[in-house]
Structures are given as structure tokens and as C-alpha cells.
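Report on the following structure.
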Amino acid sequence: MSETYSYLGPSGTFTEAALAQVPEAAGKPWRSVNNVGEALDDVVSGRSVAAMIAIENSIEGGVSATQDALASIPNLRIVGEYLVHVQFVLVARPGTRLEDVRVVNAHPVAYAQTRTWLDTHLPTHGHIPATSNVAAALNLFENDLADAAVAPPQIVQHHDFEVLASGIADNAHAVTRFVLVSRGGAMPGPTGADKTSIIAELPEDRSGALLELLEQFSTRGVNLSLLQSRPIGDALGRYRFVIDADGHITDERVADALLGVRRFSPKIVFLGSYPRADKAQVQYVPRYDNEVFIEARDWLRGLITGEPEA
Ligand SMILES: O=C(O)C(=O)C[C@]1(C(=O)O)C=C[C@@H](O)C=C1
């Protein structure tokens, strides 16, 4: 079985920094890929044991390519979550001045996080998208399609770039959330500080369907940390919902909520239960404790089997 880990390269990306946080990946082969689809294809085909992919940025929101791929490729599991503080510099070929810059090469998510700075300092610039932040910078040495690139600050440690500006991110505290994705079957055990991710569709033409979806969680005391709609893509006005819920599928309240969603949603994709990156213990009120669900089930079973009530 493959021991390779796939990540968005080339070496030096934030995705690589996220993979460096995975103890099991240390000393194993790492494969640099060009996009999320290629990374997930490595996992599906068995070429890699897992892939690290960006799923959300604190400024730009959900990475739609990732969310859509996870919604449509069956049998994948998120097995871990990792956070990376992202910062950006504007680099160029040696000798370039800021006033020479007409076209900027940048990964779309990085571009969205540096827009205010770029619009202020280069109000007439054009933008060419790159496959990653590091690729954006290295492209400057490959061709002259762009004059500058948005790149991670560490890039200058390995390459001879002119740094035109530092700290160009719109928010100095931006964080990108990454997930490690493996094939179905893999599931880390509960730690008390877990997250469960699903993608669910709503029954069509039913008023209050979104409220009904949310009620499945609220009536079991399950907090949601992410709720995002993505177009299904087959018609205008049709959406699926990407949901992160606090807790592990083996927590009774989470399992019960998922059963509720399953009964009501025409399509639900279970993406996995995995430890939270921030290791924050899940908070819930005692009436949603495992024991309360178990006691209620035992009571019901007793009623059905005719056991005398205690
Ligand atoms: O990993 C990288 O460095 C990337 O270029 C990718 C990526 C992304 O896919 O969202 C990762 C983090 C940054 O927020 C911007 C871009």
C-alpha cells in the first residue's frame, strides 16, 4: 500500500506547511500536485495514502474547489484538520520597481486576501491566476506574462527575488484551514475535541427546509461551526450545505442528529469525524450527554419488550 502524501506544490506552499504538521507523514514520500482534483485523484486511485488540501480561509471563506470536489467524489474521509497562519509578500524579478508592475500572478485565494493592498498600490493592475502561491512566484523566472507575484514570505530564503512589498495581506492574522483527506473506512477515534463534517441537500420546494435541517442539530444540543451553501450546479437556486458540527459520530447526540438529517435530506455525504486543530474540548449541556441518550433508548426497548418499569 502507498505511503505517499499528496499536497499542492511546489515545495514552499502553505499546504506543505500544513502537511509538515502531520506526524505520520514525517519521513514518508510527499508528492507535489497542481490542484485539488489531482490531489484527491491520488487518494482515490491509491497512488497516495492521503492528501492535504485547503478548505477554508478566514478572509476568503470556503475554498469552493475543495468543497465541490468533496461533495461529488464518493468514499473520501477527512481524517485531520490543520491551521496555518498565512502572510504574503509581493515579489518580482531582480531589478523590478513597484511602478513597473502591470500584471500580478497570484493564486485566486491569495489574490482575494491581498486585494485591498493591490487595489490601493497598483490600481490598474491585471491579474493572472496561478496554481499555487509558490508557482506564482516561480512563473516569473519561466516567462514574462506577469511582472510580480503574490507569494509566501519564506520564498526569498530559497530564490533570488526582489521584494517589492511585505505584509500585503488585508488582514495580518489570516488563517487557512487545511484538511487531510484519506479513503473511506479510515476514521480517527473520538478525543472529546472533534468535528464532524457533512454535505447535505434539502428536500425541494418545502418551506422551512433549511430550518428543519438546522433543527436536527439544535434539538440534540450540537453546535455548528460552519454552515455554507454551494450551488449544486444543475439549476439556478439549488444549493447543498456544507456543515461542520462539534463532536464525533460516536457521540450519541451527533449520531442522533445525523440520523435525523439522513431521514430528511435527499442526499447526505458524510465527510468524516476527526480531531479539531485547536484541540478545544466540545462544550454541551448535560442533558445531551451520551448516558441520557442510552438511558432513553433502554427505556424504549424495555417498553417494547415488556420489561417491568424500574
Ligand atoms: O498552499 C498554498 O500555498 C496555496 O497556494 C494554496 C492556498 C489555497 O489553496 O487556498 C492556501 C493558502 C492560502 O490561503 C492561499 C492559497
Side-chain angles (χ1 to χ4, degrees), residues 5-22 25 30-43 48 50-71 73 76 78 80-91 104-118 127-142 146 148-159 161 163 166-181 197 226 228 230 242 244 277:
Y5 287 79
S6 296
Y7 74 100
L8 182 74
S11 184
T13 58
F14 294 119
T15 312
E16 187 188 48
L19 187 54
Q21 295 180 32
V22 181
W30 292 10
R31 193 174 117 81
S32 160
V33 298
N34 281 324
N35 56 60
V36 172
E38 191 183 0
L40 293 179
D41 190 54
D42 279 358
V43 176
S48 292
M52 184 63 80
I53 53 179
I55 195 161
E56 187 185 2
N57 172 263
S58 58
I59 310 292
E60 181 47 9
V63 179
S64 42
T66 299
Q67 292 176 333
D68 294 348
L70 291 176
I73 304 173
L76 294 173
I78 298 176
E81 178 189 52
Y82 306 87
L83 302 179
V84 176
H85 178 210
V86 293
Q87 287 172 301
F88 299 101
V89 293
L90 188 71
V91 295
V104 176
N105 198 193
H107 184 280
V109 176
Y111 184 64
Q113 294 175 68
T114 51
R115 275 292 290 281
T116 307
W117 191 96
L118 291 170
H127 167 225
I128 304 182
T131 55
S132 78
N133 297 305
V134 172
L138 297 184
N139 285 344
L140 294 174
F141 291 134
E142 299 287 318
V150 174
Q154 294 77 5
I155 194 113
V156 294
Q157 291 166 10
H158 309 286
H159 304 278
F161 284 111
V163 179
S166 299
I168 65 169
D170 296 343
N171 183 323
H173 307 291
V175 172
T176 296
R177 193 161 70 85
F178 293 84
V179 287
L180 186 67
V181 177
S197 298
L226 177 84
Q228 197 178 356
R230 286 290 309 148
V242 184
D244 283 356

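In listed order, ligands and their atoms are each counted from 1. Small disclaimer: the values here were computed from a predicted structure and weren't measured.
- T15 OG1, 2.5 Å is the protein heavy atom nearest to atom 1 (O) of ligand 1.
- In this structure, atom 6 (C) of ligand 1 lies nearest to the protein heavy atom L8 CD2, 3.5 Å.
- Screening V84, L83, L180 against Q21 for a side chain to side chain contact (heavy atoms under 4.5 Å, CB included) leaves a single residue, V84.
- In this structure, the ring of F161 has its center less than 6.0 angstrom from the ring center of F141.
- With W30 contributing its side chain and A25 its backbone, the two residues share a donor-acceptor pair below 3.5 Å.
- Residue contact check: S132 has heavy atoms under 4.0 Å from atoms 5 (O) of ligand 1.
- Ranking protein heavy atoms by distance to atom 12 (C) of ligand 1, first place goes to T176 OG1, 3.6 Å.
- Under 4.0 angstrom from ligand 1, the non-hydrogen atoms of A54 all belong to its side chain.
- For T13 and N133, the side-chain atoms include no donor-acceptor pair closer than 3.5 Å.
- Of the charged side-chain nitrogens involved, at least one lies within less than 4.0 Å of a carboxylate oxygen, so that R31 and E38 count as a salt-bridged pair.
- Looking at H159, its side chain never comes within 3.5 Å of a backbone N or O of L138 through a donor-acceptor pair.
- Only side-chain heavy atoms of Q113 come within less than 4.0 Å of ligand 1; its backbone N, CA, C and O stay farther off.
- Residue, atom and distance of the protein heavy atom nearest to atom 7 (C) of ligand 1 are H107 CE1, 4.0 Å.
- A donor-acceptor pair under 3.5 Å is formed between the side chain of D170 and the backbone N or O of T116.
- Near N57, the atoms of ligand 1 lying under 4.0 angstrom from a non-hydrogen atom of the residue are 14 (O).
- The single protein non-hydrogen atom nearest to atom 11 (C) of ligand 1 is F178 CZ, 4.0 Å, given as residue, atom name and distance.
- Under a 4.0 Å criterion applied to the non-hydrogen atoms of F14, ligand 1 contributes the atoms 1 (O), 2 (C), 3 (O), 12 (C), 13 (C).
- The protein atom (non-hydrogen) at minimum distance from atom 4 (C) of ligand 1 is N133 ND2, 3.0 Å.
- S132 places a side-chain N or O within 3.5 Å of a backbone atom of G9 that can act as its donor or acceptor partner.
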